[in-house]
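By convention in this document, chain letters (A, B, ...) are assigned in the order of the sequence lines, proteins followed by strands, and residues within each chain are numbered from 1. Keep in mind that the numbers below use all heavy atoms, side chains included, and drop hydrogens, waters and symmetry copies.
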Amino acid sequence: MDLTYTPEQNAFRAEARSWLEASVPKEPLASFDTLEGFEAHREWEKKLHAGGFAMVPWPTEYGGRGADLLEWLIFEEEYYRAGAPGRVNQNGIFLLGPTIMEYGTPEQKARFLPKMASSEEVWAQGWSEPNAGSDMAAIQTTAIRDGDDYVINGQKTWASRGAYAHWLFGLFRTDPESSRHKGLTFVLVPMDTPGITVRPIEKINGKKAFAEVFFDDARVPVANRLGEEGAGWGVAMATAGFERGLMLRSPARFQSTAHRLVKLYRETVAAGGFVDSALRNRVTQCWIRAEAYALNTYQTVSRLLAGGKIGAEASLNKIFWSELDIEIHTVALALLESHGELLPSAPAAGNVGDWLEGYIFALAGPIYAGTNEIQRNIIAERILGLPRK
Amino acid sequence: MDFGFSEDQTLLQQTVRDFLEKECTPDAIRALWDRETGRSSELWAQLSAIGLPALLVPETYGGLGLDERDAVLALEETGRFALAEPIVTTAIVAAPLLCHLADTEHAAFAASWLERIAAGDARVAVASANQPLVSDAHVANLLLLSKGDRLYAANPDQVQLTPQPANDQSQRLFSVDWDAEKTLCLASGEDGLSLQAEMLDRGAFGCAAQLLGVADRLIEMGALYASQRKQFGVPVGSFQAVKHRLANAKVDLEYGRSIVHRSAHSVFTNSPSRSVDVSSAKGFIGEAARFAAGESLQVHGAIGYTYEQDLHIWMKRAWSLDLAFGSGAWHRARVGDALMDGGLSAPHFGYEPRDL
């Protein structure tokens, strides 16, 4: 155990810091859940890519810079320090990308990864269906082999970024006679395929964060299959592992939010606002928990660099960060008192409207990427060894 | 940057685990409750044979010359098996403090005690500034006592002990009175306060490391019982309401583990953030262990509430360690003071905010 950075790691941090300071847009971009904001975020991704910072841990041939996961953490710390925009292609770069790296053919890697790194192609997720939410193995949408194509019929829902994305990845039932985890195949689907209809869904603040996607004899080449036919569940679990376990929510995201919370507390005290020891204790707990998440992630990365894998403990992560995110924002809104109700557009809001936006976003955390109840089942059964039945 | 443990470190952990699994069984623990001292010199000799008190004693004094990064995993095992001997105060608190005296007028005094600790010939009890009740004062060959800005070293015949029976049957607490005029003063002023602060941080770190093992054991006992006990024709552990209690306890334990491991590194390097890191660890894991105790008790149901069942050994240890060397509330408040009022150093790990 040595918790100091090497000179190379410090140099990388300095390089990332100076590039980000010079490059991050001075004004916040519009939400990527609007068409205007979506395109503005793609422009930013293009700039990141040109600077060589779009996907630091990827090999250079795919548009990365061949850094290791520790440098990725350092980059993320600098990214949040700089207050840089959210990653519009996070489904692609953080989740599908690593999965293609593991399961893709050389052709698929060459075809998909560079355009993913540059966000020329933005990805949506296609897991859930109207009757397959927490119970993902209940997927009914079929992809039936016909020559060199799969013909897809059915419906996906809650597809994050689905309103504007160019591609969708997901699980489809290639064997209509199969049930549960068998007979599922992981397929990459262009959203402009004839037979696909997208109906955006507005989330509780009215923004089009996700979509329903309808498939009506949509033909997709067999070459777009990731992994073997019928082996999709295993491929999807690898993606879920990245999602819950490491890349989707890097620790600096919560450290920077906890830092803002401490500042908000101090400002509230300085302005003579209401605080009590209970609020002070909650602020402290949030800060400690954000640090715990960072430390735990560094431990995970150390384990991965030593040849380990992400397993069921990814479920611990997902519960921890999603509930921490809600608590940080809940405490912030309590400190803001009546201003906590103001939308960013309210004249009196100043920058406090971010906390409300963040709160609304955080509320989805325990639901997406597998509900926290499912994660708790996984922990109990696969880590603690409790009986399924 | 490497936040993992070496093969040697996990091997040491395994050695301690294998030993305690054999020698520190629940039956052996209960047998010691009936002894007046509650302690066993045979057990201390065996612990010394595997090097536990000598962990942080430099090799020049006959010790193992290891550091807190090695000790943290071994300490976890002493919690897992509810070992009651004064390992934390002797090995983690006293030995390094005595090392600090090596270039003072008390060098010879320190050297002789370091050699005795390494040889398994001395237990040490300590009274930190926030810990008026002294654990294991009755078996200690040496007592390190705080008063004002001074740190004293007392022999057993220089102190008057008043036993203060405690809820944890393995715990032996005492009020200690001593005549400061007639007792050796090791340090005073800035030096004394600095040693007192280190005493507190080291004690809290040691207890935090033990709490990892305590919480893990509590969750494991709950999971084992819930897998065996049947109601409605199925194991009670198949019900989600039961599963989720233990899963929640496991989440807190694992994040507590990361903070405790980090605090081992901060104590080892005497980092500027040492106090905040230790307090983050102690405050978090104390609460996590208490939570694990409550959830495990509920999962056990009435049987877990009996004296006969062993669960209360670990429940009570969770409670007693949570209160030792500063309660969880005290430690969280110390972190809060550092964050909200400045003073102590409280940097983030890795992330450096642009505006402080």
- Task: Please lay out, stage by stage, how A:L295 and B:H261 fare under the test side-chain contact (heavy atoms from CB on, under 4.5 Å).
- Result: CA-CA 9 Å; A:L295 293 162; B:H261 289 173; over 6 Å; no

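- B:I219 touches chain A through its side chain: at least one heavy atom from C-beta onward sits under 4.5 Å away, while N, CA, C and O do not.
- Only the side chain of B:F284 has a heavy atom closer than 4.5 Å to any heavy atom of chain A.
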- Item | Full working for side-chain contact (heavy atoms from CB on, under 4.5 Å) between A:T284 and B:M340 | CA-CA 9 Å; A:T284 306; B:M340 266 74 91; 3.4 Å; yes

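- Using a 4.5 Å cut-off between heavy atoms, B:D216 makes no contact with chain A at all.
- With a 4.5 Å cut-off on non-hydrogen atoms, A:Q285 touches chain B through its side chain but not through its backbone.
- The two residues B:H348 and A:E291 have their closest heavy-atom pair at ND1-OE2, 2.8 Å.
- Scanning residues 265-272 of chain B against chain A with a 4.5 Å non-hydrogen threshold yields B:H265, sorted by number.
- With chain B as the partner, the residue from A:N281, A:L70, A:I288 showing the most heavy-atom pairs under 4.5 Å is A:I288.
- Between chain B and the residues A:G83, A:A252, A:A294, A:S256, the most heavy-atom pairs under 4.5 angstrom are made by A:S256.
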- How far apart are the C-alpha atoms of A:R81 and B:D355, what are their side-chain angles, what is the distance that settles it, and do they pass the salt bridge (charged side-chain N to carboxylate O under 4.0 Å, His left out) test? CA-CA 9 Å; A:R81 175 191 160 94; B:D355 49 336; over 6 Å; no

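- No side-chain donor from either of B:H244 and A:E373 sits under 3.5 Å from a side-chain acceptor of the other.
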Got a list of side-chain donor-acceptor pairs under 3.5 Å for residues 382-389 of chain A, not counting sequence neighbours?
residue	atom	partner	partner atom	Å
A:R388	NH1	A:E381	OE1	3.2

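- Listed options A:S302, A:A380, A:A306 were ranked by heavy-atom pairs under 4.5 angstrom with chain B; first place goes to A:S302.
- Residues B:F3 and A:N296 have side chains not in contact (no heavy-atom distance under 4.5 Å, counting atoms from C-beta outward).
- Of the two parts of B:R69, only the side chain, counted from C-beta on, holds a non-hydrogen atom closer than 4.5 Å to a non-hydrogen atom of chain A.
- Options A:R17, A:Q299, A:E78, A:R266 differ in how many heavy-atom pairs under 4.5 Å they form with chain B, and the most are formed by A:Q299.
- Looking at A:R260, there are no atoms closer than 4.5 Å to chain B (heavy atoms on both sides), in backbone or side chain.
- Distance CG/B:N248 to CD1/A:I319: 6.5 Å, rounded to 0.5 Å.
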- Message: Under the criterion side-chain contact (heavy atoms from CB on, under 4.5 Å), I'd like the reasoning laid out for B:F5 against A:M1: C-alpha separation, chi angles, the key distance, then a yes or no.
- Response: CA-CA 6 Å; B:F5 289 95; A:M1 186 198 293; 3.4 Å; yes

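- The aromatic rings of B:F349 and A:Y5 sit tilted, their planes meeting at an angle between 30° and 60°.
- Neither side chain, A:Y298 nor B:D2, offers a donor N or O lying under 3.5 Å from an acceptor on the other.
- Neither the backbone nor the side chain of B:A264 comes within contact range of chain A; no heavy atom of the residue lies under 4.5 Å from a heavy atom of that chain.
- A:E71 is not listed as a side-chain neighbour of B:M1, based on a closest heavy-atom distance of 4.5 Å or more.
- Using a distance-only test at 3.5 Å, with no hydrogens or angles considered, no donor-acceptor pair links the side chain of A:R376 to the main chain of B:A247.
- Using a 4.5 Å heavy-atom threshold, the side chains of B:L339 and A:V283 count as separate.
- The parts of B:S280 that come within reach of chain A are both its backbone and its side chain, each placing non-hydrogen atoms under 4.5 angstrom from that chain.
- When the candidates A:V301, A:V262, A:L3, A:L305 are compared by the number of heavy-atom contacts under 4.5 Å with chain B, A:L3 comes out ahead.
- Among the candidates B:A226, B:G256, B:S227, B:G222, the residue making the largest number of heavy-atom pairs closer than 4.5 Å to chain A is B:S227.
- Counting heavy atoms from C-beta outward, A:I74 and B:Y351 have side chains that stay 4.5 Å or more apart.
- In this structure, the portions of A:Q255 lying under 4.5 Å from any heavy atom of chain B include both its backbone and its side chain.
- Between A:R280 and B:D341, at least one side-chain N (NZ, or NE/NH1/NH2) sits under 4.0 Å from a carboxylate O, which counts as a salt bridge.
- For B:E220, no part lies near chain A; criterion is any non-hydrogen pair under 4.5 Å.
- Of all the heavy atoms in B:E254 and A:L316, the pair that sits closest is CG-CD1, 3.8 Å.
- Using a 4.0 Å cut-off between charged nitrogen and carboxylate oxygen, B:R354 and A:E21 do not count as a salt-bridge pair.
- When only modelled atom types and interatomic distance are considered, B:Q240 and A:N377 share a side-chain donor-acceptor pair under 3.5 Å.
- Ranked by heavy-atom pairs under 4.5 Å with chain A, the first of B:V276, B:L224, B:D337 is B:D337.
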